[in-house]
Amino acid sequence: MNYLRAVSVVAAVSLLSVSAVYAEEQTSEGKPISLGDLLISPRRIPGIGIEESKFAGSATVITEEEIRRSGASGIIELLAHQSGISLLDSRGSGLGADSGVGLRGFANGSRTNALVLVNGVRQNRITSDDIHWLSIPAEQIARIEVIRGGAGTIYGEGALGGVINIITKEGGTRPIQAEGSAEAGSYLHRRVTSIVRGAKDKFSYSLGVTREEDGGYRDRVVSRGTTVNFFTGWDPTADTQLKFHVRHHADTSGFAGGITPQTAEADRRHAGTFAGFFEDNINEISGQLTQEIGTSWTVSGNLFVTDRDSDSVTTSRFGSDTHTAGTGLRASNEIGEGIWQLTSIAGTDLSRDKAVTGDRGGLKSESNRWAYGLFIEEALELYERLTVTLGFRYDRSHYEEDLTFPTFVGSLHFEGRSPKIGINYEVNDQLNFYTSAARAFKAPNIDDLDAVLPPYNDSVGLKPQQADHFEAGARWNPATWLRTGIAGFIIHTKDEILFNPYTFFNANFTTRRAGLELNMDGEIKGISYYATYTLMKALFHKGAFTGYEVPLIPRHRGTAGVRVPVARNLSASVDLLLVGKQFRVNDFNNLFQANGYSVLDGTLEYKFPKVKPYFKVLNMLDQEYEASPASNGTNITTGVNPALPRTWVAGVSWEW
């Protein structure tokens with residue numbers, strides 16, 4: 001589908017929706033479409049949330065309104081300004097599959113050592129654990145919940161650093177309503193989105209289409225993709241809720257590859273020797289049924305099927321075809337009276353994965369995984385002040401492998417036990433303290449087991465990863481002009497899987513992390529602001545690299561932003577990102593430290609009743625930096641990945 005055809009489709013959806021809106025009565029009543037702003041949903045059942053003040057952990061909720069006000073062009077831009085987040089983006093703007101997101105110091109190239117869900121469906125691929133962020137447009141997101149550390153372990157295997165739970169837009173507040181946006185900018189950036197949604201009686205629906213193209217700052221970095229999200233919901237009774245999601249994404253996205261420091265000095269736009277492009281195609285279908293039984297029981301079940309075909313094209317065509325099907329069943333019960341309230345939740349997850357990877361014209365590997373998990377959690381609330389949470393999850397996975405690099409045919413088994421305990425105490429309506437201890441478990445993925453680069457060393461003996469999280473924190477929200485949070489944590493990780501460049505093996509390591517997260521935001525007289533700071537120290541704890549810092553983890557990271565009304569309907573905002581020094585990919589001996597950097601973005605927007613034009617300048621100070629510093633462990637060679645210089649974006653968003 002070329003760009004003009006895609007724009008025509010998006011425009012047609014917009015025109016159809018706008019016409020329908022003006023044909024409808026504007027007083028139509030609808031249903032609420034999201035949880036309250038102060039609720040998070042770590043219990044995995046729609047409508048069974050937890051007030052933030054009662055949650056024994058660090059969590060951030062990014063609401064639909066906050067996403068709209070941010071003006072972010074992509075989910076990477078949204079996540080970049082959260083505490084505890086680390087990003088690795090070798091091309092800028094979160095393009096393609098080689099953008100890694102880490103939580104609490106778990107950063108490993110393009111992989112994401114957090115469990116990422118979209119509408120309850122796991123997005124981490126069985127092959128390499130990467131997330132294809134291009135397939136999740138910010139404009140189509142209703143809510144993002146970031147649960148740091150071990151507090152979200154009941155979500156399942158893979159939540160080593162935490163959970164990023166993404167919910168796309170569903171029904172509206174009227175029978176038919178529409179929204180959309182269009183923007184263009186530097187380096188042939190073009191992006192168009194249109195969404196139609198609504199609710200009437202027992203039915204709700206939404207249809208969203210996003211088309212994006214980027215010419216790319218660096219040579220050969222050209223990206224174009226289309227994402228379609230469809231939702232329909234039916235509430236046959238007051239106690240029954242049925243949801244159905246369909247997601248399709250297709251893109252081609254180029255990458256320039258790393259270059260030498262000398263080449264970067266002469267020409268930052270130059271493509272490296274390892275340049276090529278990705279082709280990705282994702283199709284996902286999921287359904288969820290939620291049933292309330294009596295006044296205390298809620299049961300929820302889901303089914304999903306996901307297919308993803310991905311090709312990385314350089315001198316050869318390395319591809320992977322992954323197919324996943326799964327189901328889950330969860331039940332919640334709430335009882336209590338007077339001074340106590342007990343909430344119990346238990347459930348199971350089942351999944352079946354198949355992946356074929358390798359050179360499209362040569363040898364391939366096949367992996368089949370069957371996995372299940374069982375979990376239970378009890379939350380006892382006393383005097384509406386003290387909440388004690390106890391939980392346990394058991395995961396087991398069985399692999400049938402036919403690997404080419406190295407040659408291995410056989411079965412592998414991994415299992416993990418993840419207990420947790422949390423205590424939260426509300427001093428008053430403004431102040432609460434919490435502490436927690438939890439264990440997260442993560443099994444090796446196919447790329448961990450199957451080496452794809454020479455000399456193809458055997459990694460099938462890898463052990464699963466286990467991270468023990470210990471955390472304490474406080475939240476103080478005295479008024480709308482000041483909301484603050486602080487969290488300190490220690491993480492002991494056994495058998496963390498990292499690529500050892502000196503032996504050319506993927507290997508298990510023992511590591512220790514300690515950190516501090518600070519958050520502050522508020523609004524006063526129309527001026528809103530936020531600030532975050534993350535202090536992180538991650539060290540190898542045993543073995544040849546004991547005492548050295550784990551690569552890719554900046555010691556200091558901070559963000560800040562302010563939005564100020566300049567005139568009637570006109571506002572200006574600036575956003576600052578500060579990233580401290582860190583050691584480059586593979587630099588276990590801490591020989592090559594990448595410089596820290598700062599990025600300042602600015603936005604002007606004018607808000608009419610239904611239309612909002614805006615203008616953004618990214619990297620206003622035109623800083624030269626790289627957000628994905630690499631090395632081969634002994635020198636930098638082609639490890640420089642220049643980020644975007646000063647760029648601009650102009651656009652308009654609308655809603656009816």
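Here the structure is a predicted model, which is why all the values come from computation and not from measurement.
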Undergrad: For His270, is the NE2 atom crowded, meaning more than 12 foreign heavy atoms sit under 6.0 Å from it?
TA: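 Open.
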
Undergrad: We want to know whether Asn432 and Ser53 form a side-chain donor-acceptor pair, criterion being a heavy-atom distance below 3.5 angstrom.
TA: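 Asn432 vs Ser53: no donor-acceptor pair found between side chains.
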
Undergrad: With no hydrogens and no angle check, do the side chains of Ser286 and His245 hold a donor and an acceptor under 3.5 Å apart?
TA: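 No pair is found: no donor N or O on one side chain lies under 3.5 Å from an acceptor on the other.
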
Undergrad: So for atom CD, which belongs to Glu65, do other residues, nucleotides or ligands contribute more than 12 heavy atoms lying within a distance under 6.0 Å?
TA: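 For Glu65, atom CD is crowded (more than 12 foreign heavy atoms under 6.0 Å).
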
Undergrad: What closest approach, in Å, do Arg218 and Ala271 show between heavy atoms, and which atom pair accounts for it?
TA: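 Taking every non-hydrogen atom into account, NH2-CA, 4.2 Å.
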
Undergrad: Below 4.5 Å, heavy atoms only, C-beta onward: do Ile136 and Arg247 meet side chain to side chain?
TA: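 Yes, close enough: below the 4.5 Å cut-off.
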
Undergrad: Quiz question: by atom type and distance under 3.5 Å, do the side chains of Asn283 and Asn281 form a donor-acceptor pair?
TA: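 Yes, side-chain donor-acceptor contact under 3.5 Å.
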
Undergrad: Checking side-chain polar atoms at under 3.5 Å, does His132 have a donor or acceptor matched by the opposite partner on Asp251?
TA: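 Asp251 and His132 do have a side-chain donor-acceptor pair below 3.5 Å.
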
Undergrad: For Asn641 and Ser628, indicate whether the former's side chain and the latter's backbone hold a donor-acceptor pair under 3.5 Å.
TA: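 Such a contact is found between Asn641 side chain and Ser628 backbone.
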
Undergrad: Grab the two heavy atoms, one from Asn124 and one from Val116, that are nearest each other, plus how far apart they are.
TA: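 For Asn124 and Val116, the tightest heavy-atom pair comes out as OD1-N, 3.0 Å.
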
Undergrad: Can a donor-acceptor pair be found between the side chains of Thr173 and Gln177 at a distance below 3.5 Å?
TA: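 Distance-only check passes for Thr173 and Gln177.
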
Undergrad: Are any of the side-chain nitrogens in Arg308 or Glu284 under 4.0 Å away from the carboxylate oxygens of its partner?
TA: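 Looking at Glu284 together with Arg308, the answer is no, because their closest N to O distance does not fall below 4.0 Å.
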
Undergrad: Within the 4.5 Å heavy-atom criterion, are Glu523 and Thr480 side-chain neighbours or not?
TA: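 Not in contact.
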
Undergrad: Between the side chains of Gln140 and Asn229, is a donor N or O closer than 3.5 angstrom to an acceptor N or O?
TA: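 Their side chains do contain a donor-acceptor pair, which is all the 3.5 Å distance test asks for.
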
Undergrad: Indicate the ring-plane relationship of Phe278 and Phe255, choosing parallel, tilted or perpendicular according to the 30° and 60° boundaries.
TA: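 The arrangement is tilted - the two ring planes meet at 30° to 60°.
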
Undergrad: Under a plain distance cut-off of 3.5 Å, with no hydrogens placed, do Asn119 and Thr168 share a side-chain donor-acceptor pair?
TA: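 On atom types as modelled, these side chains qualify, holding a pair under 3.5 Å.
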
Undergrad: Does one side chain, of Arg197 or Ser206, offer a donor that lies under 3.5 Å from an acceptor on the other?
TA: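 Judged by distance alone, the side chains do not pair up.
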
Undergrad: Any heavy-atom pair between the side chains of Ile144 and Leu78 that's under 4.5 Å?
TA: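 In contact.
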
Undergrad: Just by modelled atom types, is the Trp476 backbone N or O under 3.5 Å from a matching donor or acceptor in the Thr484 side chain?
TA: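 Yes; at least one donor-acceptor contact below 3.5 Å.
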
Undergrad: Does a donor on one side chain and an acceptor on the other come within less than 3.5 Å for Arg148 and Thr60?
TA: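 On atom types as modelled, these side chains qualify, holding a pair under 3.5 Å.
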
Undergrad: Return the set of residues passing side-chain contact (heavy atoms from CB on, under 4.5 Å) with Glu624 (not counting sequence neighbours), or none when no residue passes.
TA: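 side-chain contact (heavy atoms from CB on, under 4.5 Å) list for Glu624, sorted by chain: Arg268.
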
Undergrad: Looking at Asp309 and Ile282, would you say the former's side chain and the latter's main chain have a donor-acceptor pair under 3.5 Å?
TA: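 No, Asp309 side chain to Ile282 backbone: no donor-acceptor pair under 3.5 Å.
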
Undergrad: Quick one: ring pair (Phe, Tyr, Trp, His ring centres under 6.0 Å) partners of Tyr205, sequence neighbours excluded?
TA: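 Applying ring pair (Phe, Tyr, Trp, His ring centres under 6.0 Å) to Tyr205 gives none.
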
Undergrad: For the residue pair Tyr530 / Asp575, report whether a side-chain donor-acceptor contact shorter than 3.5 Å exists.
TA: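 Checked: Asp575/Tyr530 side chains pair up, N/O donor to acceptor below 3.5 Å.
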
Undergrad: Quick check on salt bridge (Lys or Arg N to Asp or Glu O under 4.0 Å): which of Glu179, Glu655, Glu139 does Lys169 satisfy it with?
TA: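 With Lys169 as partner, Glu179, Glu655, Glu139 yield a single salt bridge (Lys or Arg N to Asp or Glu O under 4.0 Å), made by Glu179.
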
Undergrad: Can you tell whether the side chains of Glu213 and Arg224 come within less than 4.0 Å, N to carboxylate O?
TA: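 Judged by the 4.0 Å cut-off on N to carboxylate O distance, Glu213 and Arg224 do not form a salt bridge.
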
Undergrad: Under 3.5 Å, which donor-acceptor pairs link side chains of residues 554-570 to any protein atom two or more places apart or in another chain?
TA:
unit_1	atom_1	unit_2	atom_2	d
Arg555	NH2	Glu549	OE2	2.6
His556	ND1	Tyr533	OH	2.6
Arg557	NE	Ile85	O	3.2
Arg557	NH1	Ala80	O	3.0
Arg557	NH1	Ile85	O	3.4
Arg557	NH2	Ala80	O	2.9
Thr559	OG1	His81	O	3.4
Thr559	OG1	Thr532	OG1	2.6
Arg563	NH1	Glu605	OE2	2.8
Arg563	NH2	Arg69	O	2.2

